[in-house]
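To start, the structure under review is shown below, and the notes come after it.
Here the structure is a predicted model, which means the values were calculated and not measured.
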Amino acid sequence: MKTEAVKRFVQKELNGWWIISMVGAAVILLPILFVFFTLFQEPNENWFHMKEYLLKNYILNTFTLVIFTGIVSAFLGVTLAWIVAAYDFPLKNFFKWGLMLPLAIPPYIAAYTYKAMLGYTGVVQTTLRNKFDYQIDAELLSISSLRGAVFIFAFFLFPYVYIITKSFLENQSSSYIENARVLGRKPVTIFFKVVLPLSRPAIVGGIVLVIYEVLSDYGLTSYFGIHTITTAIFQTWFAMYDVQTAMRLAAWLMVIIVGLFFLERLLRQRRRYNVNNKSRPLTPMKLKGFSAFGAFMYCFGVFLIGFFIPFIQLISWAKLTFAKVWDDSFITLLYQTVYVAIISTFLILIFAVIVANVSRKHTPFSFILSKIVTSGYSIPGAIVAIGVLAVFITLDKWLAPLYSQMGLGNAPLILSMSLGMLIVGYAIRFMATGFNAIEVGFEKVGTKYTEASRILGNGITKTFFKVDLPLIKGALASGFILTFVEITKELPLVLLLRPFNFDTLATKTYQYANDEQIYEASITSLMIIGISVLSVIVFQIIDRKKVKQ
């Protein structure tokens, strides 16, 4: 009888965790479904006008950006990963983490910085005129174009490909590469015949992340005047006040993203990659002479363009405008950014822990649940924002009688003008960052301690707080840092969902740049970059501790 009581108690606890997980998954899925079902509604006149005259150009520009950015990012990421993983050359240990730093600068900040630097009154042309008495053709340095957008996206997003590919090469492919070396194969042959085929899954995974970022972007493309599907969503919403057409555009963008996802999965299914998970780390070859110099200069050049030059330029501008920008309103701006980011991050981690703990059973249902929870990260912020807004407006309509009884008017917008809407948007968009970090933590810990606690009669909740939670503290810290940084950098979602007169560092940077106050935008940009750089440093410290252990 006592055993049966314990089983019922444990099952009751488990059901509670499942219910919370399913409610959270429904909250994430509902806004996405709201957007998708717009495709089946009757379109209005604005949609027909856009479809006739504008949509083709939007789609063409979007696919051009995606294809060329993917190609250039893949080239930079894969070649740099191969050089750093397979060879030893001067300052290699610095470049191992230094080449991650371009991710600390959001593409929209890089776009503002490089456009100002390369403009007629920028440091490049001014130096050429005043120091060398040389007048360069301004068109050669103009980056307000598709070509310039590809340049910015590629140099500031390639670390997605670099990080994933480098990790794969260092930890998974050593035996194959070293066997090829023993057989006398040249480095170029090894790269094309061994490295590329083996690391194709890692490369594709990195490119997909780059594509998601390009499709999500609004700051860079709007500043450069490039018409994409994402910029069209904003223009339809803000300029035409047509939420229905904006939702329809968001729905078609979501269809494109889902199509890319299934295409990537299909390509992976058709190939088999047998890799030894227990392979020892790759032993780097020592480079000498011109080869060492060439590897150093290539890494150094990419580091300069992707991080050092814009970072130093922002510091220079910040010195000129510090007294003007750093005031009480800036402190309020910083407080609002940190405040909403911390609240959102804590909510994300709480829910991510619940779902990750439930998903440890590895049932088909838990697999589906985990995919739903992480689906928001692959969907651009503009789509998430429109879906969340649609849900909250619908809720306000349903609650209108209650509002009226409370004396708030006949049809006020209470929920859809609140900070809660922005927090929900953040939670949907970045749930994957917290969940993935915690899931990895659970996988490393395993289940033996949990099972021992359950055998001793402890329920799932007590076991979690007494056993599991202390063991995944590192994963929680990693998840917190990752999620906090992503929220701080996010622009499209917060532009659409923020309450009236509520700004963050990202929105203020965008406003400054949009008003051509580039120097003033430098301080807010540096704050965002500083938070991101700090996350890279923390992760390097965590990695070193893992290596020592």
Side-chain angles (χ1 to χ4, degrees), residues 20 23-32 34-35 106 108 209 212-213 215-219 230 233-234 237 250 254 333-356 372-393 395 415-438 476 478-510 524 527-528 531-532 535:
I20 296 172
V23 169
V27 170
I28 291 172
L29 197 59
L30 190 59
I32 298 171
F34 256 76
V35 174
Y108 60 89
L209 289 176
Y212 286 158
E213 291 293 329
L215 291 174
S216 299
D217 177 78
Y218 172 70
T230 303
I233 292 170
F234 278 81
W237 190 330
M254 190 166 66
L333 176 71
L334 186 59
Y335 168 77
Q336 289 177 171
T337 303
V338 174
Y339 170 76
V340 73
I342 286 178
I343 291 176
S344 303
T345 302
F346 270 115
L347 289 175
I348 287 169
L349 288 181
I350 289 169
F351 180 66
V353 163
I354 293 171
V355 177
I372 292 173
V373 165
T374 57
S375 62
Y377 193 72
S378 60
I379 297 173
I383 296 177
V384 173
I386 286 182
V388 170
L389 181 70
V391 170
F392 273 70
I393 289 175
L395 287 174
L415 293 176
S416 52
M417 294 294 289
S418 67
L419 189 62
M421 186 168 65
L422 176 60
I423 292 172
V424 170
Y426 280 143
I428 294 171
R429 179 82 171 87
F430 299 115
M431 184 63 68
T433 58
F435 176 82
N436 289 338
I438 293 166
L476 281 170
S478 300
F480 183 91
I481 294 166
L482 275 173
T483 308
F484 184 85
V485 170
E486 290 290 345
I487 289 173
T488 303
K489 294 194 298 182
E490 173 65 20
L491 177 64
L493 189 144
V494 69
L495 275 177
L496 293 172
L497 294 182
R498 63 195 171 118
F500 183 68
N501 279 342
F502 185 90
D503 283 313
T504 65
L505 290 170
T507 60
K508 198 63 179 178
T509 303
Y510 172 77
T524 52
M527 293 298 294
I528 296 171
I531 292 170
S532 302
S535 71

In terms of heavy-atom contacts, P492 and A382 come closest through CB-N, 4.3 Å

Is there side-chain contact between L491 and P106, with heavy atoms separated by less than 4.5 Å? no

Rounded distance (nearest 0.5 Å) linking atom CZ of R498 with atom CD of Q336: 10.0 Å

Approximate separation, where rounding is to 0.5 Å, of I528 CD1 and K489 NZ: 9.5 Å

From T433 OG1 over to I348 CD1, what is the distance, rounded to the nearest 0.5 angstrom? 6.0 Å

CE-CG distance between M421 and L395, expressed to the nearest 0.5 angstrom: 11.0 Å

Look up atom CG in L334 and atom OG1 in T524, then write down how far apart they are to the nearest 0.5 Å. 10.5 Å

L389 and L496: side chain to side chain contact (heavy atoms under 4.5 Å, CB included), yes or no, with the steps? CA-CA 9 Å; L389 181 70; L496 293 172; over 6 Å; no

Report the residues that fulfil side chain to side chain contact (heavy atoms under 4.5 Å, CB included) with T345, sequence neighbours left out, ordered by chain and then residue number. L349, F480, T483, F484, I487

Listed partners of L476 passing side chain to side chain contact (heavy atoms under 4.5 Å, CB included), at least two apart: V353, I438, L469, I472

Would T230 and D217 satisfy side chain to side chain contact (heavy atoms under 4.5 Å, CB included), going step by step from the backbone distance to the final call? CA-CA 7 Å; T230 303; D217 177 78; over 6 Å; no

T507 side chain to T504 backbone, donor-acceptor under 3.5 Å: yes

Would you please test V494 and D503 for side chain to side chain contact (heavy atoms under 4.5 Å, CB included) and show each step? CA-CA 9 Å; V494 69; D503 283 313; over 6 Å; no

Using modelled atom types and a 3.5 Å cut-off, is there a donor and acceptor pairing between side-chain atoms of T337 and backbone atoms of L505? yes

If I compare all heavy atoms of A250 with all of I386, which pair ends up nearest, and what's the gap? CB-CD1, 4.0 Å

Which heavy atom in L497 sits nearest to a heavy atom in A385, and how many Å separate them? CD2-O, 3.4 Å

Of the non-hydrogen atoms in A506 and Y108, which two are nearest, and what is the gap between them? CB-OH, 3.4 Å

Audit row: S216, R429, side chain to side chain contact (heavy atoms under 4.5 Å, CB included) steps and yes/no: CA-CA 11 Å; S216 299; R429 179 82 171 87; 3.5 Å; yes

Are side-chain heavy atoms of V340 and F502 found at a separation under 4.5 Å? yes

Interatomic distance, L482 atom CG to S532 atom OG [nearest 0.5 angstrom]: 10.5 Å

With sequence neighbours left out, write down each residue that passes side chain to side chain contact (heavy atoms under 4.5 Å, CB included) with I343, or none if nothing qualifies. Y339, L347, I423

Closest heavy-atom contact between G425 and V384? O-CG1, 3.8 Å

With under 30° as parallel and over 60° as perpendicular, where do the rings of Y218 and Y510 fit, or are they tilted in between? tilted

